[in-house]
There are 2 protein chains.
Amino acid sequence: MADGRKWVTMGEVAARAGVGKITVSRALRNPSKVSPGTLRKVQAAVDELGYVLDETAGALSSQRSRVVGALVSTLEEAVFAATVRGLTEGLAEGGLQLMLSATQYDPGTEAALLPTMLGRRPEALVLTSDDHTEAAHRLLARAGLPVLELWELPKQPVHAAVGFSNRAAGTALTRHMVETGRRRVAFLGLDRQHDRRARLRMEGYRDCAGQLAGERAVAVKARPGAVGPDYGAEGLAEILRRWPDTEAVVCVSDMVAMGALCEARRRGIDVPGRLAISGFGDFDMAQDSALALTTIHIDGAAIGRRAAELILAGDIPCGLREDMGFSLIRRATS
Amino acid sequence: MADGRKWVTMGEVAARAGVGKITVSRALRNPSKVSPGTLRKVQAAVDELGYVLDETAGALSSQRSRVVGALVSTLEEAVFAATVRGLTEGLAEGGLQLMLSATQYDPGTEAALLPTMLGRRPEALVLTSDDHTEAAHRLLARAGLPVLELWELPKQPVHAAVGFSNRAAGTALTRHMVETGRRRVAFLGLDRQHDRRARLRMEGYRDCAGQLAGERAVAVKARPGAVGPDYGAEGLAEILRRWPDTEAVVCVSDMVAMGALCEARRRGIDVPGRLAISGFGDFDMAQDSALALTTIHIDGAAIGRRAAELILAGDIPCGLREDMGFSLIRRATS
DNA sequence: CTACCCGGTGGTATCGATACCATGAAGGCG
DNA sequence: CGCCTTCATGGTATCGATACCACCGGGTAG
């Protein structure tokens, strides 16, 4: 499809409507500044010519790109996908659009993508990681635009952060086990290096040491390929081998918890009677009656929406750390 | 963080390097057109000043936005997320960036987002749906830019399409059941209206009618909330009630298949001995040893990458329908 | 009655990079 | 030795919308 047709310009619309260009601009951007009669004429001309405002030109002359850049770790985890949805929806209400790239959890990739993003002169930047290279920090500082880090709440955000505390979540789950009468509580994690969040959850578990009968932490070695329930099964086996009297297992993720649960059933262990199990994330299946997993729910969309709100409101205080919290959902496994 | 700092302009870089603006432009866009010595000087100036090329200005003067717009149905399904990843990665190699919005499977929303997208003067548009409103069609036709529809292969694409045939996939699964000695094959689906793809899979099943001992199709009524394995359990129950001698169940998705499998185990039915089960999508857990589901694998990232390739190559023939195929993965449930 | 204000509108300069054409220097060939 | 090509570089116009300021007419206050 050769691009034969040229785009209609604002000047042509103005001529058609018998007004000045600037009036067309106002009619489209700020209708209240134009008299109703003129507005109608402009609207008619726009419709007849099929005019679509050229933001590339608008951005240059107004020095407002109406774009927000997002560098997300991955889209292939439901939580980030939900965040991006909340973000786009929220931004759309303010006439902003999202420019997206994925970093694959690699600060180097993030740093490499940053200049390209900044080239668009975005009005704000959203990052889902709090781990940046030196170069990235320099670029961000120099750019002098609002930067929002989502999901984790770094002690010293580049600018501002919206998220929740993985550590507090780990603590909440562990305490839940204690409060429901279990003191021999184990933590089941994975040894994936990129996952600082997982590590924080374990720290949250450790924070409860005083209330537990000794630490029981296991990290299953991650193999290449998808992380499936197999890990959970393997991990539970190890836990029961080392500490046969374990009463509860706090798992680093729902997927792992699911595997642990299946393994427990296979062994005929009564859940939650003899053994309680919890996950993290509240994925699709967690609420399914066959699984009914006790877990932590994070409202990813809400985090994205809140970020959008802050951006639209403008003037984000430096150092802001907005804790959106989490909810512990008790189901049948605890 | 008040935007105190102004962006450095190309002119300042040029002054610093002692060359003309245009030379800076060439040095950054097309280094081979500049002598090595000059290139070094420009590079040095760029580094010292922390210059980042302004694409908003570049887009206007070159009439090339270096942006591709994407309207995806949802990001909260792994397959689309993978497609978006393939797309961004592929486009990045050609210096193109992705502008993203989600339509939530609604053609009306898609049509509403279209003008905003076109306002950026994207060099191409990617849609993951083949269902467009009349207004959307008009806009797309007038815009005269390459439009790629992904995932399904419509008979008459707006311009071009990259995807695979859900119908053929349904047929492949059914035929697989026949070839492994089953003739009493059922189809288990969901009654969700937006899901044309699911319907196509069922049509694929029906296409095999000649080789089957009668049609056995069931659609479980979708309730609000996440689609979990519960549906599969319920559906299998209904199938066995109506046709107790069923030998195989082709499920519309992995999630449903998983539920059916659990239900079968609960009833002590030998899988795959007495009953074979297949899914669709090859989700995370399908390869897990506890599940080991026979299913169809679609390479979403490859579809995205192929789309990027076509866009970068330019000159996409009108009416192109590129079938990326699928792979049937036989595991332990058939 | 005059002076001032304000809503509505248009003219012109401007945003920052790139296209196009011109220029000058270096090198090849008859 | 001079002409023509090629390469490297710069000047200037341009992309399309918006900011800024000016303007006009009518209404209100003094």
Side-chain angles (χ1 to χ4, degrees), chain A residues 3 5-42 45-46 49-67 95 115-116 118-123 143, chain B residues 3 5-43 45-46 49-67 95 115-116 118-123:
Chain A
D3 189 351
R5 214 152 358 243
K6 274 279 163 292
W7 288 98
V8 176
T9 74
M10 193 174 267
E12 301 175 54
V13 176
R16 176 85 168 214
V19 300
K21 289 198 304 179
I22 191 87
T23 302
V24 175
S25 174
R26 276 193 281 252
L28 296 176
R29 290 273 193 220
N30 204 342
S32 69
K33 294 269 178 203
V34 166
S35 72
T38 314
L39 190 56
R40 258 199 316 280
K41 281 193 296 184
V42 172
V46 165
L49 298 174
Y51 175 67
V52 178
L53 209 151
D54 187 334
E55 295 281 359
T56 66
L60 182 59
S61 64
S62 69
Q63 303 287 74
R64 301 228 311 112
S65 63
R66 293 165 206 270
V67 164
T116 330
L118 292 175
R120 299 284 164 191
R121 300 295 187 261
E123 304 193 3
Chain B
D3 190 352
R5 214 155 356 245
K6 275 280 162 294
W7 288 98
V8 177
T9 74
M10 193 174 267
E12 301 175 53
V13 176
R16 176 85 167 216
V19 300
K21 291 198 303 179
I22 191 89
T23 303
V24 176
S25 175
R26 274 192 282 253
L28 296 175
R29 292 273 195 220
N30 204 344
S32 69
K33 294 270 178 200
V34 168
S35 72
T38 312
L39 190 55
R40 259 198 316 279
K41 282 192 297 183
V42 172
Q43 274 298 355
V46 165
L49 298 174
Y51 174 67
V52 178
L53 209 151
D54 188 335
E55 294 281 1
T56 66
L60 182 60
S61 64
S62 69
Q63 303 288 75
R64 300 230 310 111
S65 63
R66 293 167 206 269
V67 164
T116 329
L118 293 176
R120 300 282 164 192
R121 301 294 187 260
E123 303 193 3

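Residue numbers begin at 1 in each chain, while the letters A, B, ... track the order of the sequences.
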Please report, rounded to the nearest Å, how far the [atom2] atom of [N] is from the [atom1] atom of [X].
| X | N | atom1 | atom2 | value |
| --- | --- | --- | --- | --- |
| B:Leu39 | D:dC7 | CG | P | 17 Å |
| B:Arg66 | C:dG16 | CZ | P | 19 Å |
| B:Lys33 | C:dA17 | NZ | C1' | 18 Å |
| B:Ile22 | D:dC7 | CD1 | C1' | 15 Å |
| B:Arg120 | D:dG16 | CZ | P | 17 Å |
| B:Leu60 | D:dC15 | CG | P | 9 Å |
| B:Lys21 | D:dG11 | NZ | C1' | 10 Å |
| B:Gln63 | C:dC20 | CD | P | 11 Å |

Using only side-chain N and O atoms of [X], determine if any of them is under 4.0 Å from OP1 or OP2 of [N].
| X | N | answer |
| --- | --- | --- |
| A:Tyr51 | D:dA17 | yes |
| A:Thr23 | C:dG10 | yes |
| A:Ser25 | D:dA17 | no |

Go through D:dC15, D:dA17, D:dT9 for me and flag the one nearest to the B:Thr38 side chain.
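The closest nucleotide is D:dT9.
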Between C:dA17, C:dG16, D:dG16, which nucleotide gets closest to the side-chain atoms of A:Asp54?
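Nearest listed nucleotide: D:dG16.
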Compare every heavy atom of B:Pro122 with every heavy atom of B:Ser65, then report the nearest pair and how far apart it is.
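Shortest heavy-atom contact: OG-CA, 3.6 Å.
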With DNA chain D as reference, determine whether B:Ser35 or B:Ala57 sits nearer its 5' end, using the nearest nucleotide of each.
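Residue closer to the 5' terminus by nearest nucleotide: B:Ser35.
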5' precedence on DNA chain D between A:Ser62 and B:Ser62 (nearest-nucleotide basis)
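Upstream on the strand: B:Ser62.
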Minimum side-chain heavy-atom gap [X]-[Y] below 4.5 Å:
| X | Y | value |
| --- | --- | --- |
| A:Trp7 | A:Thr9 | no |
| A:Val19 | A:Val24 | yes |
| B:Val42 | B:Val34 | no |

Ion pair A:Arg121/A:Glu55, N-O distance below 4.0 Å:
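Salt bridge between A:Arg121 and A:Glu55, a charged N being under 4.0 Å from a carboxylate O: no.
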Distance-only donor-acceptor test, B:Arg26 side-chain atoms vs D:dG10 base atoms, 3.5 Å:
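Indeed, a donor on one side and an acceptor on the other fall under 3.5 Å apart.
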Within the structure shown, what part of the strands sits under 4.0 Å from A:Val34 by heavy-atom distance: base, sugar-phosphate, or nothing?
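The residue A:Val34 makes sugar-phosphate contact but no base contact.
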